[in-house]
Amino acid sequence: MSMATEQPTQSLPQGVYLEKDIDAGELTVNIGPQHPSTHGVLRLITTIDGEVVRDIEPVIGYLHRSKEKMAESRSLFQYQPTIDRVEYLSAFFDHYVFVTSLEQIAGLKVPKRMQYVRMITMELNRIASHLLWFGTFLLDLGATSPMFYAFRDREKIFSLFEQLTGARMMYNYYRFGGANADMPEGWLEGALDFCDDFEQRIDEYEAIVTKNPIFLDRTVGVGVVDAETLIAHGVTGPTLRGSGVALDQRKDNPYCCYDEVTFDVPVGQNGDCYDRYLVRMAEMRESLKIIRQAVRQIPGGDTADLMRRRAEGDEAANDIELQIAGQKINLLTYKAPPGEVMTTVESPRGFLGCYLITDGTPKAYRCKWRGASFSNLTVLPLLMKGRLFPDLMAIFGSIDVILPEVDR
Amino acid sequence: MSDEPKENDKPKPSDGAEKPAKKAEAAAPPPPELGVCGKLLEGAGLKPVALPADAAGTETVQVDGGQLKQACERLRDDAQFDLLLSVSGVDNKTTLTAVYHLYSTKTKAKLVVKANGDKLPSVVSVWPGADWHEREAYDLFGIQFDGHPNLKRILMPDDWVGHPLRKDYTVDDPRLVWNER
Amino acid sequence: MVFNDLKDNKVTSGMVEIGRGLKTVSQHMLRPPVTLEYPEVMPDLSKRFHGRLTLLTKSDGSDLCIGCKACARVCPCVDLIQIEMHRDSAKKPVIDRFTIDMGRCIYCGNCTEVCPVDCIKMLNDFELADYSRQALVLDKAGLSLSGEESDRYRQTHGLEAQV
Amino acid sequence: MQELLTQLITGFGLPAWLSFFLWAVVLYGMVAVVGQVAVVFMVLMERKVLAWLTQRKGPNRVGPWGTLQTVADGVKLLFKESIVGPGQDWFLFTMGPVIFFAPSFVLYALIPFTDRLVGITMPLGLLFVFALSSLSVVGIVLSGWASNNKYSLLGGMRSASQAISYEIPLVLSALGVAVAAGSLDLKTIVEAQNQGPFGLFSWYWLSILPVSFVIFHIASIAEVNRIPFDLPEAESELVSGYNTEYSGMKFAMFFLAEYASLFAMSALVVVLFFGGYYSPVGGLMLERFAGVHDNTLLGLEMVTWTVLKTYFFIFFAMIIRGTLPRLKPDQLMAFSWKFLIPLSLLNVFLVAALKMAWMTDGMLLTAGPFTFNLTYWITYGLTGLMTFIVLVGFGQLFGHKQPPLPGLSAAGP
């Protein structure tokens, strides 16, 4: 690694480059921070020998927005909207982790209905995130159409989110102990419609991609890694499940109401790019399953139904479990009790954690983000040693790194 | 928009202590006892100090800086904590603390290990994934990890002065003038 | 020997799969485009959309804002909302200055949530581009809706009338 | 027209050899104009087709239905600054696009749009086409080298290896055509395909050279660097490959030449395998059904068929671009050297054997148009069987076996 960075950087006069003898040995290529397939501002100092990658060193920090320092200068409620930006492709997960951390410290109880809403929104968000991964992964491999299809369907999810929260990507929807508003009428039907529609779309994706011989050539047997290495490097999520470990927070430590729905945890066998692809595609189907069950089981049913029951004077409809706002706290003056907790959630990329320490002031004493991509990115040099240069895009795409989560 | 915030009962009255959370809780009466992992470490000849469990009830032990690496090895090999979630630095105003959040993919257990000091042994040899986490803690808090293969700044620019997440860090860097409005 | 495993034959199965992909992609040509031609066709935005901030007024057009500065206190962008107010002889609040820098706003909606009188709200207007940063700093006149518009807003969003 | 020019030149008392050069200039001018128009249309078509494939609308702002979009793009590129950075060899950097550009457009001169509308008729036309089309790689390598950019250099190197690999199956599969038609002259090849009874089905693509057609089409896509073979400009890894450093008109030359060579290669597929300027029912429709013998009208029909068929293949290439991912360089080489080249060698051998068996009058299957003959059925049967055996056998022999695809196992409900 040091070889790549310690090369002398002398400034040569114009024209000297071409007169110099080209060293037939290794070549250092600086990929990024602006490069079409580094998905943001990752910089990879790559040493290649012909087309073979000898060494690769990721350099991060180009998207560092001091989210952790911001937490210490803003009140908890003030800080809350900005954490959508930690991992902007699945902002509900960020929010959930942060909100849950404080709920655990303060002992706030979350109504059941709200937990179901959180589950539905998070699973929809997981699909949206995987869709973006699917599109960009195929784009990295050179196929253009799947990206547009994925974005088309992602838009449908965003429209649902916009009806619910008012924003398409930065939701700021969950609150400590609940959420800021109930679902609009007909929102659950909209979610179900999306599920029915998306089931066919995902079949189309698979028809285009899954058994395409070129896609198989590009992914099968590429970036093979065993589970022990991944775990030792702290890699979680679909990347780890592609290597055959059924590690899923939703199963192991069920949060929200994941213990009340049935779903499978798809795991791969070979631990290559193709398995990671299969796992994510299967996860989207599982998410659909969860959403369908959750919509069926949500206490109080659709908002319209709940409103009607309340209007008719049904006392049970005013049960705290059916309130979405839950235990309201005054957001202006709220001081969290001292305490600390690390909450983790199964985000689309793995364990997303928020280590929150409060000290009785309105601000957080320390708020540390454990981004799944941060750990997942560390295995990239390991996977890339000795592979071909174009494999870099397949492997980097398949571990699904999102840079804002790495740099925070 | 029916849920306009109202003044409700606050969950707990806070005495507004500016002290760090850990100390405030450590002062509370029944002193915490060693849990399963703490006993395991004790059995291995180390001297873990039990800390109150965190809000989720996760066992928390404090390990002396010099024994950190042995403790981590024991935890990985004997208690099957094979996944290091994160290494978080915490500035307690008097000392720096590195907080290790461990997870076991086999037993699904969690554990929090804390070590005080600004010079700690690196656990990269125990969990390779600690590499970047330790670099981050070094970058933002200035905790020196002995034995780390490549301890340099990771998030901040290489020529940055100071460690930004320390409580005594003041923003008087002339390069930040553009940020002042 | 060559005929019994045609499915595993790389050439034949590959050709079939490529053909299937081409067919699936070609089918999309017959479907209507999903693109909205934006300036002509406006997107269908929901009532909760986080757009430009606005100040509602009473039905007669007088200030609804009471100058409590709650919105400024919960705003994650420090100093985004700036309010100066005084009380007149009848102890009624008079807003001297109310500016919002829309160029720095992150459209989180925190301010709309804490407003005790439902004064600061978000519109569906998202076309805010301008030629200078200064033009994005909206003052009270630029933010306030007229009395009728405020009434219409309250009607469509199910808020109580403010007289 | 050439005679007219010669007369004009000699009439002015100038030496006759000058007329040759002038003719060349006039011809190239015409070709370039025709080619530019075709390219402008193709760029619009590509963007529209790719948009339709992805449920978008494509360019629709400039001009009615977006028709002037490419004109606007061209004007923009024309007026953009053409940057030559420090460390770049100015001469080579400029020559790269030129060398890439020129042969792609010269190819137009060789395509027989009708039996008379051919820029240059030469007995070795096919050979000349390949000679020209392989020249363009020199331009890519040059510009990749002169760009003083590692991505460009890699792109240029990839292009060189790709061109070397895919020229061989391209030529070998066209050799089958030459063997079947008994000539290297493109016009003779077209005429030879008007001999069978069924028009569409007696063209070479199905009747006797299906394997050649498949190989040729694959190799021609590789030759013009389109997805799935666009490694020299692989956008996701090499940013834009050999043309990363180019801007303005120099970039436009790459851009135009790529489309020009796509048109030329598609036209070549039509000429070699799809009956050139003849209609799909055999002969010319106007002649057969309306009894028209006017040369102008028939010529128009011929041009229509050539252009229609060519655009069909361009369209097909666009759908392929919308669907398939990109290969890796090693897979690209393996596909060519381990699969296409042995297959095309075998194919040449089989075509030659077939021709030995049924050769008459120096042409295969010259029973006269529109007659049914047992020979055809036997030939069709044989070629069909041959195709099947060759494809399946090659799949078994050379297609590297992939491991059994892993299913996903689900861990518990």
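Quick note on labels: first sequence line is chain A, next is B, and so on, each numbered from 1.
- One distance of note links CG of D/L50 with CE of C/M29; it measures 9.0 Å at 0.5 Å rounding.
- Counting heavy atoms of neighbouring residues, nucleotides and ligands inside a 6.0 Å radius, atom CG of C/D44 does not exceed 12 of them.
- In this structure, the side chains of D/R61 and C/E37 come closer than 4.5 Å at one or more pairs of heavy atoms.
- If you measure heavy-atom distances from D/L324 to chain C, the contacts under 4.5 Å come from the side chain alone.
- Within 6.0 Å of OH in C/Y38 there are more than 12 heavy atoms belonging to other residues, nucleotides or ligands.
- When heavy atoms are compared at a cutoff of 4.5 Å, D/F335 does not approach chain C at all.
- From C/L22, atom CG reaches atom OG1 of D/T323 across 4.5 Å, with rounding to the nearest 0.5 Å.
- Nearest approach of C/P32 to D/Q55, heavy atoms of both residues: O-NE2, 3.0 Å.
- By the 6.0 Å contact criterion, CE on D/M333 is enclosed, its count of non-hydrogen atoms from other residues, nucleotides or ligands being greater than 12.
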